[in-house]
Amino acid sequence: MRALAVFIMRGRVQATLVVAGCAALPLLYWLGAAAGCLVLLRRGLKDALGVLALGILPALVWWLKFDDPRVLLVLLGSSTLALVLRASESWVRTLLVSVALGVVYSVVLGAAFRPQIEALAQELVKILPLALGDLYQKLSVDERARLAALIAPVLTGLIAALLQVVSVLSLILGRYWQALLYNPGGFGREFRSIRIPAGPAMLLLACMVVGPNFGTQMAMLTPLCSVPLVFAGLALIHGLVAQKRLSKFWVVGVYVTLVLFMQLIYPLLVVLAIVDGLIDFRGRLASKDADNANGEG
């Protein structure tokens with residue numbers, strides 16, 4: 001990875017080759033987005049504009065020729081987040097902006113993949129009686145209709161949230177490369193300190209829980225608002241492990257269980273981030289460790 005980062009920063013031609021080349025390949029577009037983030041974070045928009053403009057061309061081809069806007073969305077979205085991070089030096093603000101980015105993704109994906117999403121939603125409606133069992137039978141006709149109407153927006157939100165996650169991960173990789181080349185160890189300290197304060201955390205929770213009550217289309221907010229909280233939850237785990245000098249086995253275990261049992265670990269990370277916003281686990285542990293340093297060694 002370091003060799004690739006060095007190659008990207010060697011010059012504009014090399015950076016353009018990586019961004020445009022990866023954007024042309026469907027499975028590597030996230031790597032091109034990360035390269036664009038690196039150039040933006042290090043050199044700013046003025047120097048990165050030419051690189052990104054040429055990288056956008058193959059992304060446009062994917063959209064116009066193959067009806068796939070995802071490459072363009074991730075490239076532009078991660079670049080937007082990189083600009084926010086460069087200007088604000090705040091990961092919390094950047095993660096919160098990613099929610100607005102996810103809403104844009106939802107609108108574009110809803111327009112581009114409406115027939116496919118509606119067809120999938122209809123298939124899911126058919127299996128709801130089997131999936132919910134007796135609970136579905138207890139629902140009234142209106143409640144069943146409302147549940148069926150929520151499926152398509154939630155599916156759109158889930159796809160948009162996946163692209164939102166990819167955009168944030170591309171930015172994380174670009175930031176990691178920047179620290180690797182110019183500030184070794186800086187990214188780890190920066191990431192471990194991420195903590196969404198109580199106010200924004202409760203606002204995200206309210207949008208997740210209450211949003212669907214304001215219309216079926218608002219149901220897409222539930223997965224979108226969970227993304228910043230999940231990254232904050234992961235940052236909490238990293239921070240506690242580093243603070244208590246525990247084995248990296250714990251971090252690896254979290255990621256392995258997240259992959260294997262996502263339906264369980266994902267909401268747990270959301271809850272941890274919300275509670276951390278209220279309690280500040282790392283701050284309390286740091287204060288406790290400072291109190292213990294009473295001159296006895």
Side-chain angles (χ1 to χ4, degrees), residues 4 8 12-41 44-86 94-95 97-124 151-174 217-225 227-228:
L4 180 58
I8 293 169
R12 183 172 297 179
V13 174
Q14 290 84 350
T16 303
L17 283 174
V18 175
V19 174
C22 291
L25 301 173
L27 297 180
L28 291 179
Y29 63 91
W30 56 271
L31 190 61
C37 289
L38 172 60
V39 178
L40 266 172
L41 289 169
L45 180 60
K46 184 178 180 180
D47 287 345
L49 198 57
V51 174
L52 292 173
L54 291 175
I56 287 173
L57 292 178
L60 283 173
V61 171
W62 277 105
W63 191 347
L64 298 176
K65 188 173 181 179
F66 300 103
D67 294 325
D68 189 352
R70 292 174 297 177
V71 178
L72 183 62
L73 291 177
V74 170
L75 183 60
L76 293 179
S78 60
S79 300
T80 301
L81 295 179
L83 288 175
V84 174
L85 181 60
R86 177 181 169 87
T94 304
L95 289 173
V97 170
S98 76
V99 177
L101 197 65
V103 173
V104 175
Y105 288 170
S106 297
V107 173
V108 176
L109 292 171
F113 298 118
R114 184 180 302 277
Q116 296 90 329
I117 292 174
E118 290 181 351
L120 180 58
Q122 291 174 2
E123 293 300 321
L124 290 175
I151 292 179
V154 170
L155 284 175
T156 304
L158 286 172
I159 300 172
L162 179 59
L163 293 185
Q164 182 185 352
V165 169
V166 174
S167 298
V168 174
L169 289 176
S170 296
L171 174 61
I172 287 175
L173 180 56
Q217 292 301 318
M218 297 296 288
M220 68 176 64
L221 288 177
T222 300
L224 299 180
C225 291
V227 172

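Note that the structure is predicted; figures quoted are calculated from it, not measured.
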Please tabulate, one pair per line, all N/O donor-acceptor pairs under 3.5 Å involving side-chain atoms of residues 16-31, not counting sequence neighbours.
{"unit_1": "T16", "atom_1": "OG1", "unit_2": "R12", "atom_2": "O", "d": "2.7"}
{"unit_1": "W30", "atom_1": "NE1", "unit_2": "L27", "atom_2": "O", "d": "2.8"}

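Rounded to the nearest 0.5 angstrom, R86 CZ and T94 OG1 are separated by 13.0 Å. R114 contributes atom CZ, which lies 11.5 Å from atom CG of L109 (distance to the nearest 0.5 angstrom). Atom CG of L224 is separated from atom CE of M218 by 10.0 Å, given to the nearest 0.5 angstrom. Atoms CD1 and CD, from I151 and E118 in turn, are 12.5 Å apart once rounded to the nearest 0.5 Å.
With sequence neighbours left out, the salt bridge (charged side-chain N to carboxylate O under 4.0 Å, His left out) criterion links R70 to D68. In this structure W62 satisfies the ring-ring contact (aromatic ring centres under 6.0 Å, His included) test together with F66, sequence neighbours excluded.
Test L40, L95, L101, L76 against L81 for side-chain contact (heavy atoms from CB on, under 4.5 Å) and you get one pass: L101.
When all heavy atoms of L75 and A33 are compared, the pair lying nearest together is CD1-CA, 3.9 Å. Minimum heavy-atom separation, L171 to C37: CA-SG, 3.9 Å. Taking each heavy atom of L38 and G174 in turn, the nearest pair found is CD1-O, 3.7 Å. Closest of all the heavy-atom pairs between V74 and S170 is CG1-OG, 4.3 Å. Across L41 and A82, no two heavy atoms sit closer than the pair CD2-O, 3.6 Å. Across all their heavy atoms, A152 and I117 have their closest contact at O-CG2, 3.8 Å.
For residues 99-108, the set of pairs meeting the side-chain hydrogen bond (donor to acceptor under 3.5 Å, both in side chains) definition, not counting sequence neighbours, comprises Y105-S167. Screening residues 71-85 for side-chain hydrogen bond (donor to acceptor under 3.5 Å, both in side chains), with sequence neighbours left out, gives no hits. Pairs passing the side-chain hydrogen bond (donor to acceptor under 3.5 Å, both in side chains) check and including a residue from residues 157-166, sequence neighbours excluded, read S98-Q164.
Contact annotation: the side chain of V168 approaches that of I172 to within less than 4.5 Å [non-hydrogen atoms, C-beta and beyond]. Side chains of L60 and L72 form a contact here, defined as non-hydrogen atoms less than 4.5 Å apart. Counting heavy atoms from C-beta outward, L83 and L45 have side chains that approach closer than 4.5 Å.
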Next on the checklist: What verdict does the side-chain contact (heavy atoms from CB on, under 4.5 Å) test give for I8 and V39, after you've listed the backbone C-alpha separation in whole Å, the side-chain angles of each residue and the deciding distance to 0.1 Å?
Outcome noted: CA-CA 8 Å; I8 293 169; V39 178; 3.9 Å; yes
